[in-house]
Student: 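Would you mind keeping the following structure in view while I ask a few things?
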Amino acid sequence: MMVPGPTPLPAEVVASAVLPMIDERTPQFASVYERMISNLQRVVGTEHAILIFASSITGASEGVIQNLFSAGDQVLIAHNGYFGYRWVQLAQAFGLHVVEHAAAWGTMIDNEEVKRLVDKHPELKGAVCVHCETSTGVVNDIQGFAAATASILSIVDGASSVGSCKLLADEWGIDVVVSGGQKGLMIPPGLSFVSISPRAWRQHEQATLPSYYYNWTAAQHAKLNSYSGTPWTPAISLIMQFDAALQLLFREGIEQVLSRHQAMGRLTRIGMKALGLKLLVPDEDRHASVTTVWAPDLIDARDFVGYLNEHHGLQLAAGLGHLKDRIFRIGHCGYIDRYDIVTAVAIVETGLYQMGCKVKVGSGVEAVLKQIIAEERAYVEPSAATMPTV
Ligand SMILES: *Cc1c(COP(=O)(O)O)cnc(C)c1O
């Protein structure tokens with residue numbers, strides 16, 4: 001399975017799900033919960049509060065709107081893909097007035113344009129941007145976005161970037177990061193979280209949109225006043241899995257994890273280009289979570305993805321929105337290593353050949369293996385004279 005969420009689970013994470021249940025009102029749970037939160041703060045790059053919810057990431061995102069704004073407030077939404085545009089719909093569903101910066105799918109958010117809009121609309125109360133736009137693979141310059149919106153709250157959708165792309169929320173001045181566990185963070189779907197700066201807390205105190213399940217004050221009160229740290233029954237098994245996953249992440253080291261993701265993106269793009277396929281977005285290291293590739297002419301990306309799954313057991317994702325039949329997406333965030341990429345590239349080229357495309361079978365895999373060897377700094381083009389007999 002190589003889709004940008006859900007993602008494969010390490011054995012330790014699977015094993016943590018089958019431990020006997022524990023009550024959340026116990027010191028045993030409290031110690032797991034505290035360690036999990038403090039590791040999560042390190043991944044997000046924040047010392048501020050993090051609240052956890054039993055929901056998909058969209059749930060915590062809805063909570064962000066409910067907790068920070070009042071009906072009629074102005075919010076800037078910079079979007080360049082399917083997930084960014086969802087924030088427009090979400091904000092409008094709660095009666096907010098949306099100022100949009102709409103960049104073309106596959107291009108980056110233009111932070112100068114964002115700054116111009118912030119200056120032009122003094123009533124703005126906050127600004128939203130997706131870090132990794134999972135529908136196109138573009139990773140936006142979120143540090144630049146936070147700088148352009150420094151006079152108002154900056155809200156970052158880090159769904160597929162946390163744990164895969166560099167993020168220093170406090171240092172970059174990001175007020176709110178919303179994300180969850182099932183993409184770069186190696187747990188099953190069902191847990192979401194939000195980090196909240198002191199400035200965002202102050203705006204929360206003034207906000208009047210109604211909220212209950214996602215209410216931050218209730219969540220923070222429980223965190224400070226009970227073992228369980230949550231006002232409702234927490235997703236105990238998922239929290240135990242999150243604790244295990246974050247410990248694995250720090251055993252590898254955050255720097256290594258981020259550079260592994262960059263390497264996975266690089267390898268995937270090398271394989272696709274060697275097969276003669278075209279990439280949707282520029283071939284840059286920043287695009288470390290998901291690689292997006294144009295399907296060959298005359299092939300519907302959904303048929304191609306379906307074929308690879310049915311005949312070869314590889315799960316990739318087709319496009320979203322207007323690109324649904326035009327691109328396929330290879331997720332490489334989370335528990336993925338370079339030989340997963342080799343396998344995926346091998347299956348893509350096999351599928352292309354079987355569907356009648358002109359490919360030299362083996363050329364994608366060959367390019368990826370050469371890159372692996374080159375990155376090991378040991379690769380020399382073998383010549384007959386130096387080749388040992390095998
Ligand atoms: C996956 C994703 C979401 C939505 O997550 P759910 O858990 O499905 O609600 C939101 N934003 C981005 C950028 C995503 O990749």
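Read the numbers this way: they start at 1 and go in the same order the structure lists the ligands and their atoms. Throughout, residue positions are numbered sequentially from 1 according to the sequence presented.
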Student: Could you check whether Trp216 and Phe53 have their ring centres less than 6.0 Å apart?
Tutor: no
Student: With respect to Phe83, determine whether any N or O atom, backbone or side chain, lies less than 3.5 Å from an N or O atom of ligand 1.
Tutor: no
Student: Note the single closest protein heavy atom to atom 5 (O) of ligand 1, along with its residue, its atom name and the distance in Å.
Tutor: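 Protein heavy atom at minimum distance: Ile57 CB, 3.4 Å.
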Student: Answer yes if the side chains of Ser289 and His261 hold a donor-acceptor pair under 3.5 Å, and no otherwise.
Tutor: no
Student: Test your reading of the structure: does Ser56 have an N or O sitting under 3.5 Å from an N or O of ligand 1?
Tutor: yes
Student: Restricting to ring-ring contact (aromatic ring centres under 6.0 Å, His included), what partner residues turn up for Tyr82, sequence neighbours left out?
Tutor: none
Student: Going by the atom numbers of ligand 1, which of them fall below 4.0 Å from some non-hydrogen atom of Thr58?
Tutor: 4 (C), 6 (P), 9 (O)
Student: Do His204 and Thr217 have side-chain N/O donor and acceptor atoms under 3.5 Å apart?
Tutor: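 Present: a donor and an acceptor within the cut-off.
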Student: Report yes or no: is the cationic atom of Lys183 (NZ for Lys, CZ for Arg) under 6.0 Å from the centre of the six-membered ring of Tyr335, at an angle within 45° of the ring normal?
Tutor: no
Student: Check contact between His131 and ligand 1, using heavy atoms of the residue and a distance below 4.0 angstrom.
Tutor: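 Contact check His131 vs ligand 1: negative.
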Student: What are the atoms of ligand 1, with element, lying closer than 4.0 Å to any heavy atom of Ala159?
Tutor: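 Going through ligand 1 atom by atom, the ones under 4.0 Å from Ala159 are 2 (C), 3 (C), 10 (C), 11 (N), 12 (C), 13 (C), 14 (C), 15 (O).
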Student: Does at least one non-hydrogen atom of Glu133 fall below 4.0 angstrom from an atom of ligand 1?
Tutor: no
Student: Nearest to atom 13 (C) of ligand 1, what protein heavy atom do you find, and at what distance?
Tutor: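 Protein heavy atom with the smallest distance to atom 13 (C) of ligand 1: Thr134 OG1, 3.4 Å.
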